[in-house]
Participant: 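The following block contains the structure, expressed as structure tokens.
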Protein chains: 2
Amino acid sequence: MFQEPARDTFSHLPADKQERVLEAALTEFADQGYHQASLNRLVAKAGIAKGSLYQYFPNKEGIFRYIFQIALKSVRQTLVEVKEATQDENFFIRLEKSLRAGVRFLKQHPRIYSLYLKIQFDRQIPFRDEFLAAVRRHAGEYFGSLLRRARGRGELRPGISEPAALFLLDAVFDRFLQAAALPYLDVTLDLHQAPEETINRRIRELVDLLREGLAA
Amino acid sequence: MFQEPARDTFSHLPADKQERVLEAALTEFADQGYHQASLNRLVAKAGIAKGSLYQYFPNKEGIFRYIFQIALKSVRQTLVEVKEATQDENFFIRLEKSLRAGVRFLKQHPRIYSLYLKIQFDRQIPFRDEFLAAVRRHAGEYFGSLLRRARGRGELRPGISEPAALFLLDAVFDRFLQAAALPYLDVTLDLHQAPEETINRRIRELVDLLREGLAA
DNA sequence: AACTGATATGACCAACTGGTCATGTTTCAG
DNA sequence: CTGAAACATGACCAGTTGGTCATATCAGTT
């Protein structure tokens with residue numbers, strides 16, 4: 001899917017310089033999105049010359065792709081870890097733990113999460129479709145795997161539509177993280193910058209609703 | 001919350017000219033978002049001179065605010081209509097009809113919906129917080145009203161957390177519309193440009209999950 | 001016809017963008 | 001010590017942006 005968008009020069013750089021450039025790039029893209037990101041600001045932040053940037057990467061898009069690859073790798077790793085760590089537990093417990101892991105990721109990597117949101121809602125990012133498809137595929141595989149395992153163990157109500165269930169989980173999960181990351185996006189949960197205890201209580205309430213439903 | 005961002009001159013304009021300008025502005029902002037929107041393109045689309053635009057509005061932000069007000073009014077009206085039309089029906093039926101109305105709105109006003117998405121994920125839109133708060137408040141009041149009515153009639157499982165339920169509804173609703181409007185945003189439902197019959201089936205499946213839950 | 005205030009116009013401006021490139025500087029093998 | 005390849009640099013470029021303004025045109029009143 002991705003060919004290497006960085007030049008050899010970049011990989012030969014001293015590690016701390018690479019780090020500085022990647023840090024600056026991640027910050028700039030996460031703060032500004034793709035189009036609004038300014039390479040002039042980026043090089044200033046990284047403390048390198050404009051020309052050097054073009055020795056490391058072919059163009060703006062190349063930098064963006066490189067950053068995105070790193071971000072995606074980080075997400076993938078987290079998903080795998082949670083999946084393995086909860087392998088033998090009950091489905092709804094796994095949901096809770098997945099949500100908690102998501103919130104943790106978001107606090108540890110706020111810029112990666114912000115980058116993801118930017119991609120999601122800025123059409124005309126080059127290759128945006130590829131990027132989004134990759135992320136969604138990961139999420140879909142993750143929840144799909146959890147769902148099938150749960151069904152195999154008889155933890156699910158028979159006859160429910162798997163695509164619908166997958167959609168529901170993805171929607172709630174995604175929105176929960178958004179609400180925890182951004183103000184104004186949750187109606188009444190006040191998740192934004194809430195203490196961990198509050199967040200965990202909300203997670204339990206939500207999973208309870210998913211498990212038992214709303215109806216009397 | 002909003003003072004009038006358009007100049008008198010604009011309101012004195014012949015209706016068809018106003019229409020042309022507003023059409024062009026809505027299209028440009030919906031397609032490009034706030035920052036990416038180009039006033040040069042806008043005036044070209046509207047068929048007016050650059051200077052004229054600045055006779056009608058004080059600046060770019062003023063145009064944006066004006067467009068947003070119109071869009072919000074349109075959303076508000078739709079919500080009120082659905083609410084009144086379904087007043088006496090069962091809560092879960094109302095949910096289904098709300099979702100269907102949402103999808104209908106989205107097909108009829110794709111640019112308004114796109115505008116909303118753009119606002120949601122572009123920090124640094126001027127007064128973005130005001131805008132988002134206004135939208136969320138409407139959604140929250142709508143679902144809150146439905147929920148309280150349902151509880152009053154004993155249609156809800158006792159003891160469920162209202163904020164959590166509200167969050168759940170808002171999340172599913174919002175994501176469902178997003179999935180219907182954009183490709184790549186739904187994992188497996190394939191709502192994007194799906195025929196109405198498919199969409200309605202998915203709505204029923206989803207509401208069923210919300211009603212009865214996932215657990216065996 | 002003459003005057004007047006509202007409206008229309010597009011050349012123009014400073015600021016900024018992504019990207020280039022001639023010219024230095026550093027590194028290191030022979 | 002020499003030479004050449006790798007790397008660094010920032011002035012520079014064409015293009016675009018939001019916004020201005022002197023000037024022209026129009027509509028309506030006297």
Side-chain angles (χ1 to χ4, degrees), chain A residues 4-22 24-29 31-68 118 122 124-128, chain B residues 4-22 24-29 31-68 118 122 124-128:
Chain A
E4 193 62 39
R7 297 237 153 95
D8 278 351
T9 305
F10 186 66
S11 59
H12 295 157
L13 246 41
D16 67 310
K17 193 166 193 175
Q18 285 187 35
E19 192 66 29
R20 253 166 47 224
V21 173
L22 293 180
L26 178 55
T27 300
E28 182 66 14
F29 282 120
D31 285 354
Q32 309 289 336
Y34 182 77
H35 293 286
Q36 273 282 106
S38 156
L39 299 187
N40 290 324
R41 266 197 306 261
L42 199 164
V43 296
K45 231 175 288 186
I48 61 168
K50 184 92 159 280
S52 298
L53 193 61
Y54 281 86
Q55 301 241 28
Y56 307 154
F57 301 94
N59 49 33
K60 193 181 189 179
E61 183 184 321
I63 309 169
F64 188 76
R65 293 174 85 93
Y66 195 79
I67 293 292
F68 180 79
K118 287 286 167 21
D122 192 344
Q124 17 204 7
I125 289 180
F127 297 90
R128 167 184 182 264
Chain B
E4 194 62 39
R7 297 238 154 93
D8 277 351
T9 304
F10 186 65
S11 59
H12 295 157
L13 246 41
D16 67 310
K17 192 166 193 174
Q18 284 187 36
E19 192 65 30
R20 253 165 47 222
V21 173
L22 293 180
L26 178 55
T27 300
E28 182 65 15
F29 281 121
D31 286 353
Q32 308 290 336
Y34 182 77
H35 293 286
Q36 273 281 106
S38 155
L39 300 188
N40 292 325
R41 265 197 305 264
L42 199 164
V43 295
K45 231 175 288 186
I48 60 167
K50 185 91 159 279
S52 299
L53 193 62
Y54 282 86
Q55 301 242 30
Y56 307 153
F57 301 94
N59 50 32
K60 192 181 190 179
E61 183 185 322
I63 309 170
F64 188 75
R65 293 173 86 92
Y66 194 79
I67 293 293
F68 180 78
K118 287 286 168 20
D122 193 344
Q124 17 203 7
I125 289 181
F127 297 90
R128 165 183 183 265

Participant: What residues form a ring-ring contact (aromatic ring centres under 6.0 Å, His included) with B:Phe64, not counting sequence neighbours?
Facilitator: B:Phe29, B:Tyr34, B:Phe131
Participant: Which residues pass the salt bridge (Lys or Arg N to Asp or Glu O under 4.0 Å) test with B:Glu19, sequence neighbours left out?
Facilitator: none
Participant: If the condition is side-chain contact (heavy atoms from CB on, under 4.5 Å), which residues does A:His35 pass it with, not counting sequence neighbours?
Facilitator: A:Asp122, A:Gln124, B:Gln36
Participant: Looking at side-chain heavy atoms only, is the closest gap between B:Phe57 and B:Leu39 below 4.5 Å?
Facilitator: no
Participant: If you round to the nearest 0.5 Å, how far is CZ of B:Arg41 from OG1 of B:Thr27?
Facilitator: 11.5 Å
Participant: Rounded to the Å, how far apart are A:Leu42 CG and C:dC16 C1'?
Facilitator: 16 Å
Participant: Rounded to the nearest 0.5 Å, what's the gap from NZ on A:Lys118 to CG on A:Asp31? Could you check?
Facilitator: 7.0 Å
Participant: Parallel, tilted or perpendicular: which describes the rings of A:Phe10 and A:Tyr56, with under 30° parallel and over 60° perpendicular?
Facilitator: tilted
Participant: For nucleotides 4-20 of chain D, just jot down a letter per nucleotide in 5' to 3' order: B, S or -, based on protein non-hydrogen atoms under 4.0 Å.
Facilitator: ---SBBB------BBBB
Participant: Anything under 3.5 Å between a donor and an acceptor, one on a side chain of residues 44-55 of chain B, the other on a protein residue two or more places apart or in another chain? List them.
Facilitator:
| unit_1 | atom_1 | unit_2 | atom_2 | d |
| --- | --- | --- | --- | --- |
| B:Lys45 | NZ | B:Glu28 | OE1 | 2.6 |
| B:Lys50 | NZ | B:Asn40 | OD1 | 2.9 |

Participant: Mind calculating the distance between CZ (B:Phe10) and C1' (C:dA8) to the nearest angstrom?
Facilitator: 15 Å
Participant: Protein within reach of the bases, or only the backbone? For nucleotides 25-30 of chain C, mark each nucleotide 5' to 3' as B, S or -, using heavy atoms under 4.0 Å.
Facilitator: ------
